[in-house]
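Below: the structure, in structure tokens.
Residue numbering restarts at 1 for every chain, and letters A, B, ... go by the order of the sequence lines.
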Amino acid sequence: MTFALVDANNFYVSCERLFAPQLEGRPVVILSNNDGCAVSRSAEAKALGIGMGRPYFQWQKLAEQQGVVVLSSNYALYGELSARMMRLLGSLSAAQEIYSIDESFLRIPVQGDAALLWGHSTRRRIRKELGLPVCVGMGPSKTLAKLCNHWAKKGRGTEGVCDWDSIPATQKARWLQKTPVDAVWGIGRQLGVRLGQQQIHQVMDLLRANPVALRHRYGVVLARIHKELQGVSCLPLEQVPPKHRHIQCSRSFGHATEKLADLEESLSVHTQRCAAKLRQRGQMAQGIHIQIRSSPHRGCYYSGVAFRRLARPSNDYRELWSAVKAALAEAYRPGVRYVKSGILLSDLQDMDAPETRSLFIPETDAPECRDKKQADLTDVLSRLQKRYGKAAPGFGVAGLRAPRAWSMRTDKRSPRYLSEWSDIPVVRAGYSTTTSSAPTSRKAASTIADSFSSKP
DNA sequence: TCTGGGGTCCTAGGACCC
DNA sequence: TCTGGGGTCCTAGGACCC
């Protein structure tokens, strides 16, 4: 039995290129929310030295000089393409774990040469049917499949597919000696530094290290990674995603603000998103944490946090909101330039879980006696939100669409080709624009039309 | 001027139990 | 006068992932 890891190459960039083929071969970078940092880079952009997670303002000049195409992230587009890729992968394997928006662990019932064949044919199908470039790594454990995926992306002669058991011994030794230890899944920067202090620099050093000493010095996580690297599978395929234990909604502001009213508005939006997520997942929350903070990159950093526990679990906006508002009053300090607010819900439980009644809450307040009108209102609002998305009515100030001080900046976003009727590409003559200038939906749609116009 | 968002897991330390 | 041993649970903080 073999684990496979299929991972899209610079996924967000590849999604954008699918609808804008003129971006092929050009340096492209996708920015995080608020146009803050680089989160996806084409090979050409990586070659220019634009690092993952680097703030935009630090390389903006370089980008302008080098003609880098810079886009805001378009999650509606990436989410839809991800769903299509996952469906296709599910149909090509015995079992599937969707690990992130652009990668999937799979169990495949073949080994050796047959595994390599499977890898190449899967890669071709995704390219042909979805237009997305992917790499395939395979091995007897998830960690080795991950490592092979890394080699499939970097190694010469792999053609995007690498299987642990099929790598010739000398080649394998060379790669293990060349690959830094923090390229291994689960070993980040800190652990990499600590391992370096013990003269463990490359993956080969780690493989040869004493497992007892590793366990003692670095804990169970590294001990498990070590086992996995030796081909002993310790991490099962998680076909059914475990229920979430927290729900989080937070956003940085487009501009800093000192006003309590701005914080209230943004937190009200987060509360509604949290409530919607809860209902979507069939859950209720009892613990509510809020955070408001200034920029950690400036002097006088302030982070205000506060916690409230509801008398009973809820997913009703108004119950959550009254707790959030009280928490905000506690966390707020005047005169601070706030740049971010957020909510974290904890103590989640299923809606259909039997409720432990409180001795101190009157029977008339039990769920079956709760105000029927309130339940009806929530129900209608969720249905409207499901149908109309962001345009649906909401509570209080949160539903207003006019940009506020705290609204995000996303002025470089491409059209939502796959989820908005108005953004579907149409063929119209007479436009020509570059995608690096901020495209409105229409303009960019026409750009795309230009690039497709030779194929009616 | 300008630095994302949403998760999980592990560990250490303290409070508490009998 | 003298006060052990073996647990659980919770929380905060840190590290990791994409």
Side-chain angles (χ1 to χ4, degrees), chain A residues 5-12 29-41 50-61 63 70 72-75 78-79 82 97-105 142-143 146 149-150 181-195 215-225 234-235 238 241-257 266 269-270 273-274 277 281 287 289 291 293-298 301 303 305 307 309 337 339-348 405 408-412:
Chain A
L5 177 73
V6 180
D7 185 332
N9 304 348
N10 14 347
F11 182 57
Y12 295 174
V29 178
I30 312 299
L31 298 174
S32 65
N33 267 337
N34 233 358
D35 292 348
C37 310
V39 291
S40 181
R41 304 153 297 146
I50 299 172
M52 183 66 172
R54 291 288 303 282
Y56 180 34
F57 72 89
Q58 287 179 0
W59 48 269
Q60 188 169 6
K61 274 234 156 59
V70 180
S72 305
S73 33
N74 182 346
Y75 293 107
Y78 314 147
S82 168
E97 169 186 341
I98 296 173
Y99 178 66
S100 75
I101 191 164
D102 73 330
E103 54 190 309
S104 206
F105 283 107
K142 285 164 94 174
T143 304
K146 264 274 195 190
N149 190 283
H150 175 80
V181 78
D182 60 6
V184 173
W185 186 39
I187 299 181
R189 227 181 29 152
Q190 302 294 323
L191 206 47
V193 170
R194 287 178 57 205
L195 287 166
R215 165 71 183 89
H216 182 246
R217 202 186 290 266
Y218 303 98
V220 292
V221 177
L222 197 66
R224 195 160 52 208
I225 290 172
C234 308
L235 301 165
E238 285 176 1
K243 281 260 178 190
H244 290 268
R245 304 181 53 204
H246 304 287
I247 285 177
Q248 207 176 313
C249 288
S250 63
R251 284 287 180 281
S252 296
F253 303 150
H255 301 279
T257 178
S266 68
V269 174
H270 300 331
R273 287 182 56 221
C274 278
K277 281 191 191 180
R281 299 172 187 183
H289 311 247
Q291 186 191 30
R293 64 164 176 81
S294 66
S295 168
H297 308 289
R298 296 276 166 276
Y301 174 61
S303 162
V305 294
F307 173 74
R309 184 180 295 279
R337 288 173 55 77
V339 300
K340 184 172 180 175
S341 72
I343 295 176
L344 183 133
L345 301 179
S346 62
D347 304 283
L348 305 186
M408 270 197 312
R409 292 187 301 259
T410 54
D411 45 2
K412 298 187 234 317

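Considering only the side chain of A/Arg224, B/dC10 comes nearest among B/dG6, B/dC10, C/dT11. Considering only the side chain of A/Arg298, B/dC2 comes nearest among B/dC2, C/dC18, B/dG4. The nucleotide whose nearest atom lies closest to any side-chain atom of A/His244 is, among B/dT3, B/dG6, B/dT8, B/dT8. Distances from the side chain of A/Trp185 to the nucleotides C/dC17, B/dG5, C/dC16 place C/dC17 closest. Nearest nucleotide to the side chain of A/Gln248, out of B/dT8, C/dC16, B/dG7: B/dG7. Closest contact between the side chain of A/Tyr99 and the listed nucleotides C/dC17, C/dT11, B/dG7 involves C/dC17. Taking the side chain of A/Val220 as heavy atoms from C-beta on, and the options B/dG7, B/dT11, B/dC2, the nearest nucleotide is B/dT11. Closest contact between the side chain of A/Lys146 and the listed nucleotides C/dC17, B/dG6, C/dT11 involves C/dC17. Looking at the side chain of A/Arg251, the nearest of the listed nucleotides C/dC18, B/dG4, B/dG6 is B/dG6. When the nucleotides C/dC18, B/dG5, C/dA15 are ranked by their closest atom to the side chain of A/Asp102, C/dC18 comes out on top.
In this structure B/dC18 sits in a base pair with C/dG5, meeting the Watson-Crick or G-U test at under 3.5 Å.
A salt bridge is absent between A/Glu238 and A/Lys142: the closest approach of a Lys/Arg side-chain nitrogen to an acidic carboxylate oxygen does not fall below 4.0 angstrom.
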Item to complete: Dump the intermediate steps for side-chain contact (heavy atoms from CB on, under 4.5 Å) on A/Arg251 and A/Ser266, then the final yes or no.
Response: CA-CA 8 Å; A/Arg251 284 287 180 281; A/Ser266 68; over 6 Å; no
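Across all strands, A/Asp35 comes closer than 4.0 Å to no nucleic acid atom at all (heavy-atom distances). A/Arg189 comes within 4.0 angstrom of the backbone, heavy atoms only, and of no base. Contacts of A/Leu31 with the nucleic acid, taken as non-hydrogen atoms under 4.0 Å apart, are absent. Contact annotation for A/Val305: no contact, since no heavy-atom pair falls under 4.0 Å across all strands. Residue A/Gln60 is classed as having no contact, given no heavy-atom separation below 4.0 Å to the nucleic acid.
In this structure, A/Leu191 atom CG and C/dA15 atom P are separated by 10 Å, rounded to whole Å. As a whole-Å value, the separation of A/Asp7 CG from C/dC17 C1' is 12 Å. Counting to the nearest Å, the C1' atom of B/dG7 and the CG atom of A/Leu345 are 14 Å from each other.
Two residues are said to be in side-chain contact when any heavy atoms from C-beta on lie closer than 4.5 Å; A/Asp182 and A/Leu191 fail this criterion. Residues A/Leu348 and A/Arg245 have side chains not in contact (no heavy-atom distance under 4.5 Å, counting atoms from C-beta outward).
Comparing A/Tyr218 and A/Ile247 along DNA chain B, the residue whose closest nucleotide (by nearest heavy atom) sits nearer the 5' end is A/Ile247. Of the two residues near DNA chain B, A/Arg281 and A/Arg293, the one whose nearest nucleotide lies more 5' is A/Arg293.
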